[in-house]
Student: 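Supplied in structure tokens, the structure appears directly below.
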Amino acid sequence: MPALQSSKLAFIGGGNMASAIIGGLLSQGINKQNITVSEPWEVNRNKIADLGVKTTTSNVVAGGEADLVIIAVKPQVTKAVCEELADAWSKRETLPVVVSIAAGITLGSLQQWLKTSDGRTTHLVRVMPNTPALVGEGASGLFASADVTAEEKELVNALLGSVSKATEWVDKEELIDVVTGLSGSGPAYFFAMVEHLIASATALGLPAEQATRLAAQTCLGAGKMLTESSDSPTQLRKNVTSPNGTTHAALETFNAQHFDQVVDKAVKAATSRAAELGNTLGK
């Protein structure tokens with residue numbers, strides 16, 4: 001397996017996440033001519049082409065000879081895409097490593113759909129990235145099929161590391177659904193919280209523009225403290241909470257409304273929905 005710098009990379013699908021990963025790869029000096037993207041929509045294809053990589057409307061042209069294939073299409077069309085690629089790969093002596101970012105599609109389904117006519121199945125990695133990858137601050141959970149080698153994992157690490165600051169391998173596939181509930185859907189929880197902070201401050205008289213800037217920077221700063229401090233989130237919370245002070249009053253309100261249970265139910269709901277989608281779309 002060649003290193004990432006010398007690998008032929010194919011992206012099946014050229015949407016936002018594929019664009020983010022490609023942008024990250026190019027920023028690390030990956031040769032543009034080693035990347036081919038298959039994208040049926042002209043608008044998306046033109047955006048990808050502007051990055052300087054090769055584009056096509058054919059999945060087989062993109063992935064037929066690639067060393068590493070990234071399945072970045074909607075879950076609903078993953079089966080058809082995989083079966084098309086498997087048919088083309090039946091003539092190959094060595095199969096590529098496949099990375100799937102199709103939400104909810106299990107390894108079992110992927111293995112079935114990607115099986116070649118002579119019964120071989122490519123090595124597979126499922127990835128749940130998140131949208132902060134678009135600004136190079138992503139978090140990704142990964143799970144590999146049992147036959148994926150340490151060398152292949154390093155290749156995938158290098159791929160995701162171009163846009164993810166946290167790349168975490170889980171040891172059970174069902175934990176990918178938990179990653180979905182935590183970091184995959186997590187940015188939306190964060191944005192919803194900021195929406196409500198801004199609305200509250202605005203209702204109390206602060207101009208919306210000022211409230212937005214203050215809330216955004218507060219969350220950015222808090223996030224940076226989380227990633228750079230050696231203290232736990234619990235300790236960081238305690239550090240800013242003076243007894244009977246303003247922060248204490250706010251947190252007591254959270255406690256009275258059972259904020260911990262609200263968060264717990266939200267993460268569990270997203271996790272359950274991810275599992276449900278996998279069962280439905282994998283048929």
Side-chain angles (χ1 to χ4, degrees), residues 9-22 24 35-41 44-45 48 57-60 62-63 66 68-89 95-115 121-134 138-145 148 152 155-156 159-160 163-164 167-170 172-188 270-283:
L9 308 178
F11 287 79
I12 310 301
N16 287 336
M17 193 58 67
S19 297
I21 296 173
I22 292 168
I35 302 174
T36 304
V37 182
S38 171
E39 170 54 52
W41 297 101
N44 286 349
R45 194 166 60 251
I48 292 288
T57 58
S58 169
N59 296 328
V60 172
L68 183 63
V69 176
I70 299 90
I71 305 292
V73 298
K74 293 185 182 300
Q76 293 85 345
V77 300
T78 303
K79 180 179 181 179
V81 165
C82 288
E83 290 177 343
E84 183 181 9
L85 290 170
D87 185 59
W89 292 342
L95 297 179
V97 175
V98 172
V99 173
S100 171
I101 62 175
I105 304 299
T106 65
L107 283 188
S109 296
L110 292 167
Q111 288 167 336
Q112 178 183 346
W113 301 338
L114 286 167
K115 187 172 291 186
T121 300
T122 184
H123 295 184
L124 292 162
V125 176
R126 278 188 67 189
V127 178
M128 172 47 64
N130 65 3
T131 54
L134 296 169
S140 298
L142 307 91
F143 180 76
S145 58
V148 172
E152 290 168 340
L155 189 70
V156 178
L159 175 77
L160 272 298
V163 292
S164 291
T167 304
E168 303 290 339
W169 293 86
V170 298
K172 296 178 182 179
E173 185 171 9
E174 56 265 32
L175 293 179
I176 285 289
D177 294 330
V178 180
V179 172
T180 302
L182 173 63
S183 56
S185 299
T271 300
S272 296
R273 182 55 177 157
E276 182 183 339
L277 287 172
N279 291 331
T280 301
L281 297 172
K283 294 179 181 178

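No hydrogens, no waters, no symmetry mates; every other heavy atom, side chains included, goes into these values. Throughout, residue positions are numbered sequentially from 1 according to the sequence presented. The shown structure was predicted, so the numbers you read here are calculated from the model rather than taken from an experiment.
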Student: Can you check whether Val81's main-chain N or O pairs, donor with acceptor, with Trp113's side chain at less than 3.5 Å?
Tutor: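 No.
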Student: I need the minimum non-hydrogen distance between Ala20 and Leu134, along with the two atoms involved.
Tutor: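 So the minimum-distance heavy-atom pair works out to CB-CD2, 3.6 Å.
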Student: Does Asn59 have any side-chain hydrogen bond (donor to acceptor under 3.5 Å, both in side chains) partners at least two apart in sequence or in another chain, and if so, which?
Tutor: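 Testing Asn59 for side-chain hydrogen bond (donor to acceptor under 3.5 Å, both in side chains), a comparison that skips the adjacent residues, returns Ser38, Glu84.
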Student: Please say whether more than 12 non-hydrogen atoms of neighbouring residues, nucleotides or ligands are located less than 6.0 Å from CH2 in Trp169.
Tutor: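 More than 12 heavy atoms, drawn from other residues, nucleotides or ligands, come within 6.0 Å of this atom.
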Student: Can you check whether Leu107's main-chain N or O pairs, donor with acceptor, with Glu173's side chain at less than 3.5 Å?
Tutor: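 Answer holds: yes.
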Student: Do Val125 and Glu152 come within less than 4.5 Å of each other through their side chains, counting heavy atoms only?
Tutor: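 No - every pair of side-chain heavy atoms lies 4.5 Å or more apart.
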Student: Before giving the answer on side chain to side chain contact (heavy atoms under 4.5 Å, CB included), spell out for Val99 and Ile71 the whole-Å C-alpha distance, their side-chain angles and the decisive distance to 0.1 Å.
Tutor: CA-CA 6 Å; Val99 173; Ile71 305 292; over 6 Å; no
Student: Would you call Leu110 and Ser100 a side-chain contact if the rule is heavy atoms closer than 4.5 Å?
Tutor: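 Yes, side chains in contact.
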Student: Of the non-hydrogen atoms in Ser19 and Ile48, which two are nearest, and what is the gap between them?
Tutor: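 Reported closest heavy-atom pair: OG-CD1, 3.2 Å.
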Student: Would you check if Ile22 and Leu9 make a side-chain contact, meaning some heavy-atom pair closer than 4.5 Å?
Tutor: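 They are not in contact (no side-chain heavy atoms under 4.5 Å apart), so the answer is no.
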Student: Heavy-atom distance under 4.5 Å between the side chains of Ile21 and Leu159, does that happen here?
Tutor: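 SC-SC contact between Ile21 and Leu159 confirmed.
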Student: Indicate yes or no: at least one non-hydrogen side-chain atom of Pro129 is less than 4.5 angstrom from one of Met17.
Tutor: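 In contact.
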Student: Could you pull out all residues at least two apart from Thr180 that satisfy side-chain hydrogen bond (donor to acceptor under 3.5 Å, both in side chains)?
Tutor: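 Partners of Thr180 by the side-chain hydrogen bond (donor to acceptor under 3.5 Å, both in side chains) criterion come out as none, since no residue qualifies.
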Student: Side-chain contact test, heavy atoms from C-beta onward, threshold under 4.5 Å: evaluate it for Val179 versus Glu168 and give yes or no.
Tutor: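 A side-chain contact is absent here, since even the closest heavy-atom pair is not under 4.5 Å.
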Student: Strictly distance-based, threshold 3.5 Å: is any side-chain N or O of Ser183 a donor or acceptor partner for the main-chain N or O of Gly186?
Tutor: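 Not at all, since once roles are kept as given, no pair shorter than 3.5 Å links the two residues.
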Student: Please name the pair of heavy atoms, one in Ser185 and one in Ala270, separated by the smallest distance, quoted to 0.1 Å.
Tutor: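 Scanning both residues, the minimum pair turns out to be OG-CB, 4.1 Å.
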Student: If you take all heavy atoms of Ser140 and Leu142, which pair is closest and at what distance?
Tutor: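 Closest heavy-atom pair between Ser140 and Leu142: O-CD1, 3.7 Å.
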Student: Counting only N and O atoms by type, is there a donor-acceptor contact under 3.5 Å from the side chain of Glu39 to the main-chain atoms of Arg45?
Tutor: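 Checked: no pair found.
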Student: Say whether Thr167 and Ser164, considering side chains only, have a donor N or O and an acceptor N or O under 3.5 Å apart.
Tutor: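 Judged by distance alone, the side chains do not pair up.
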Student: Which atom names give the shortest non-hydrogen contact between Ala10 and Gly63, and what distance separates them?
Tutor: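 Heavy atoms of Ala10 and Gly63 come nearest at CB-CA, 3.7 Å.
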